[in-house]
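Contents: one structure, followed by commentary.
The figures that follow rest on heavy atoms only: side chains count, while hydrogens, waters and symmetry mates do not.
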Amino acid sequence: MDIWHDVKPGWGPFAPLLTDRVGMYLSIIWAAGFVYAGYNLVKAITRLARARRGHEADMVEHAERALLPPVLGTIGLAAVPVIWALIAFA
């Protein structure tokens, strides 16, 4: 018995978006933005860890404030496909 008999890979709700050139470019831009946001998030977490390890109150406070934009950006970019799928199939 072959469990993979009728299984066909696909992009699910994103298939219509990925069939034309504009959709592909939007996907590439989204992926690049996600990588950039992740990179900034790692940098901000590293800065916060260094400040806490150095026991510098001012640096910890500044690093905590600087952590918020990368976190919100990463969450926002992660939510874009979910929001798009909800709008497209509502």
Side-chain angles (χ1 to χ4, degrees):
M1 179 175 175
D2 185 17
I3 62 171
W4 303 107
H5 177 62
D6 289 330
V7 176
K8 296 180 181 160
W11 293 101
F14 304 108
L17 182 67
L18 297 173
T19 56
D20 60 344
R21 188 176 297 258
V22 174
M24 289 298 289
Y25 287 136
L26 287 175
S27 300
I28 291 169
I29 290 169
W30 174 82
F34 201 79
V35 168
Y36 181 71
Y39 171 73
N40 283 330
L41 182 62
V42 169
K43 272 185 12 181
I45 290 171
T46 303
R47 248 186 255 131
L48 180 62
R50 284 183 188 163
R52 284 190 177 168
R53 198 173 309 131
H55 302 292
E56 300 175 17
D58 285 344
M59 293 299 290
V60 170
E61 185 178 329
H62 177 68
E64 286 174 346
R65 275 189 270 125
L67 184 63
L68 188 61
V71 167
L72 293 178
T74 304
I75 291 171
L77 281 169
V80 166
V82 174
I83 293 169
W84 185 85
L86 290 174
I87 290 172
F89 297 103

Residues which pass side chain to side chain contact (heavy atoms under 4.5 Å, CB included) with Val22, listed by chain and number, not counting sequence neighbours: Asp20, Leu26
Linked hydrophobic residues, Trp30 as query - side chain contacts closer than 4.5 Å: Phe34, Leu77, Val80
With sequence neighbours excluded, residues passing side chain to side chain contact (heavy atoms under 4.5 Å, CB included) with Ile83: Ala79, Ile87
Which atom of Pro70 lies closest to which atom of Ala44, heavy atoms considered: CG-CB, 4.1 Å
side-chain contact (heavy atoms from CB on, under 4.5 Å) assessment of Lys43 paired with Thr46: CA-CA 5 Å; Lys43 272 185 12 181; Thr46 303; 5.7 Å; no
Met24: partners by side chain to side chain contact (heavy atoms under 4.5 Å, CB included), with sequence neighbours left out: Leu18
Residue pairs passing the salt bridge (charged side-chain N to carboxylate O under 4.0 Å, His left out) test where at least one lies in residues 26-41, sequence neighbours excluded: none
Contact summary for Arg47 and Ala66, nearest pair of heavy atoms: NH1-CB, 4.3 Å
For Asp6, side chain to side chain contact (heavy atoms under 4.5 Å, CB included) partners two or more places apart: none
Members sharing Val71's hydrophobic cluster (side chains within less than 4.5 Å): Leu41, Ile45, Leu48, Val60, Leu67, Ile75
Residue pairs, two or more places apart or on separate chains, that pass side chain to side chain donor-acceptor pair (under 3.5 Å) and touch residues 59-75: Arg52-Glu64, Glu61-Arg65
